[in-house]
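See below for the structure under consideration.
Because the structure is predicted, anything quoted here is derived from the model rather than measured.
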Amino acid sequence: MLEVRNIESGYGRTKVLHGVSFSVSDGALVAVLGGNGSGKSTTLKTLAGLVRPSAGQITLAGQRIDQVPACRMASSGLVLVPQGKEVFAAMSVEENILMGGYHRRREKARLRDDLQQVYALFPRLALRRKALAGLLSGGERQMLSIGRALLARPRMLLLDEPSSALAPKVVGEIAEVIRGLRGRGISILLVEQNVAMALELADELHILREGRVAHSCVNGPGVDLASLQEFYLGKGTR
């Protein structure tokens, strides 16, 4: 589904990513881990077209997307849920969700069906559909950000630290939602600092350190939290 090959990118003269490579198979859930400043968010911004790579290649379902503008990325099937639970604070919950399907705005009947599916996935949003998004809790804003992304009908969903600054109970709820989305056949790239959550959900794990892939592994019985934390903290080598 997604192939990332030797990507280099950054901001102005500051290079952040130095030859990052990994892939996400169709229907798979892959996690990218790393501490602050490791390049996780820059990786997602590069994939989403918000940062233009200076080298390398990105393909989605066999099509090059590394030169596709960010404004066209959703219609290509790739959708980013950014870090920070960003919402349109002065708009209602329902208006926020429908913004995710803006490029599908002529499909009114299908959008309404998809809206009801989001409400079924997040009953709390259904209860607060007329409330201003700026009045939601952190957990509700995270649900809203994911629900809005689903209106775009993504083939590939990029999640940037969905567990950040949430209570443990809400983190568990978000993890269940992510598991359910994967069950629907949506391919997911999960960027996290929460190693335990990544171990619970992911098929494969990649750890970034200083803009490079320091360690990669298939998730399974032989992978444990302690060994991953060694690489995460910079004590291991690839």
Side-chain angles (χ1 to χ4, degrees), residues 1-10 16-34 38-83 100 103-104 145-146 148-163 174-175 177-194 197-209 211-220 238:
M1 173 61 74
L2 179 71
E3 295 283 343
V4 180
R5 291 289 173 262
N6 299 314
I7 287 298
E8 298 182 6
S9 69
V16 177
L17 302 182
H18 306 272
V20 170
S21 297
F22 59 85
S23 63
V24 182
S25 301
D26 192 13
L29 195 159
V30 172
V32 173
L33 303 169
S38 62
K40 303 187 310 300
S41 291
T42 300
T43 297
L44 291 194
K45 289 176 181 178
T46 304
L47 297 179
L50 298 171
V51 175
R52 186 66 58 86
S54 58
Q57 180 174 307
I58 306 167
T59 60
L60 180 69
Q63 301 296 315
R64 287 281 296 270
I65 62 168
D66 44 86
Q67 300 301 315
V68 173
C71 61
R72 288 176 46 204
M73 201 61 76
S75 57
S76 298
L78 184 146
V79 180
L80 169 66
V81 179
Q83 184 181 6
H103 65 288
R104 303 173 52 213
S145 295
I146 295 173
R148 184 176 58 204
L150 295 178
L151 260 284
R153 289 202 167 184
R155 292 184 292 171
M156 169 63 61
L157 190 62
L158 309 179
L159 299 175
D160 194 355
E161 298 198 24
S163 73
I174 295 297
V177 167
I178 294 171
R179 185 180 287 108
L181 295 178
R182 189 267 179 86
R184 295 184 183 186
I186 299 175
S187 304
I188 298 173
L189 181 63
L190 171 68
V191 160
E192 264 295 344
Q193 290 196 51
N194 188 328
M197 182 178 179
L199 274 174
E200 179 185 346
L201 295 172
D203 303 307
E204 297 179 19
L205 305 131
H206 304 283
I207 297 179
L208 288 186
R209 197 160 65 226
R212 295 177 171 84
V213 178
H215 178 66
S216 298
C217 64
V218 175
N219 195 9
R238 188 173 181 180

_I'd like to check Ser54 versus Glu8 (side-chain heavy atoms, cut-off strictly below 4.5 Å). Are they in contact?_
yes
*Indicate the atoms forming the closest heavy-atom contact of Ala28 with Arg182, along with that distance.*
CA-NH2, 4.2 Å
*Taking the side chain as every heavy atom from C-beta outward, state whether Ile146 and Leu181 have any atom pair closer than 4.5 Å.*
yes
*Does Ser41 offer a backbone N or O that forms a donor-acceptor pair with the side chain of Asp160 under 3.5 Å?*
no
*Could you tell me the separation between the OG atom of Ser25 and the CD atom of Glu3, rounded to the nearest 0.5 Å?*
7.5 Å
_side-chain contact (heavy atoms from CB on, under 4.5 Å) between Val213 and Leu208, worked out_ = CA-CA 5 Å; Val213 178; Leu208 288 186; 3.8 Å; yes
_Exceeds 12 heavy-atom contacts within 6.0 angstrom, atom CD of Gln67_ = yes
Output side-chain donor-acceptor pairs under 3.5 Å for residues 69-80, partner residues at least two apart or in another chain, one line each.
from, atom 1, to, atom 2, distance (Å)
Ser75, OG, Arg72, O, 2.8
Ser76, OG, Arg72, O, 3.2

*asked:* Ignoring hydrogens and geometry beyond distance, is a side-chain donor-acceptor pair present between Glu192 and Ser163 at under 3.5 Å?
replied: yes
*Charged N to carboxylate O below 4.0 Å: is that the case for Glu161 and Lys40?*
yes
*Hey, does Leu60 have a side-chain heavy atom less than 4.5 Å from the side chain of Met1?*
yes
*asked:* On a heavy-atom basis, which atom in Phe22 and which in His206 lie closest, and how many Å separate them?
replied: CB-NE2, 3.7 Å
*Run through Leu150, Leu157, Val191 and flag the one making a side chain to side chain contact (heavy atoms under 4.5 Å, CB included) with Val81.*
Leu157
*side chain to side chain donor-acceptor pair (under 3.5 Å) involving Arg179 - partner list, sequence neighbours excluded*: Glu176, Glu200
*Ser187 side chain vs Gly27 backbone, donor-acceptor pair below 3.5 Å*: yes
_So if I apply the side chain to side chain contact (heavy atoms under 4.5 Å, CB included) rule between Val30 and each of Ile188, Leu190, Val24, Leu205, which one comes out positive?_
Val24
*Non-neighbouring partners of Asn6 that pass side chain to side chain donor-acceptor pair (under 3.5 Å), sequence neighbours left out*: Ser21
*Is there a donor-acceptor contact under 3.5 Å from the side chain of Asp203 to the main chain of Leu29?*
yes
*Between Met197 and Leu201, does a side-chain contact (heavy atoms from CB on, under 4.5 Å) hold up when you go through it step by step?*
CA-CA 6 Å; Met197 182 178 179; Leu201 295 172; 4.0 Å; yes
All N/O donor-acceptor pairs, side-chain side in residues 43-50, below 3.5 Å, sequence neighbours left out:
from, atom 1, to, atom 2, distance (Å)
Thr43, OG1, Gly39, O, 2.8
Thr46, OG1, Ser9, OG, 2.8
Thr46, OG1, Thr42, O, 2.7

*Write out all pairs satisfying salt bridge (Lys or Arg N to Asp or Glu O under 4.0 Å) with one or both partners inside residues 148-158, taking only residues at least two apart or from two chains.*
Asp114-Arg153
*asked:* For Asp66, give me all partners under side chain to side chain contact (heavy atoms under 4.5 Å, CB included), at least two apart in sequence or on another chain.
replied: Pro53, Gln57, Ile58, Arg64
*Shortest non-hydrogen contact from Ile178 to Pro162?*
CD1-CG, 4.0 Å
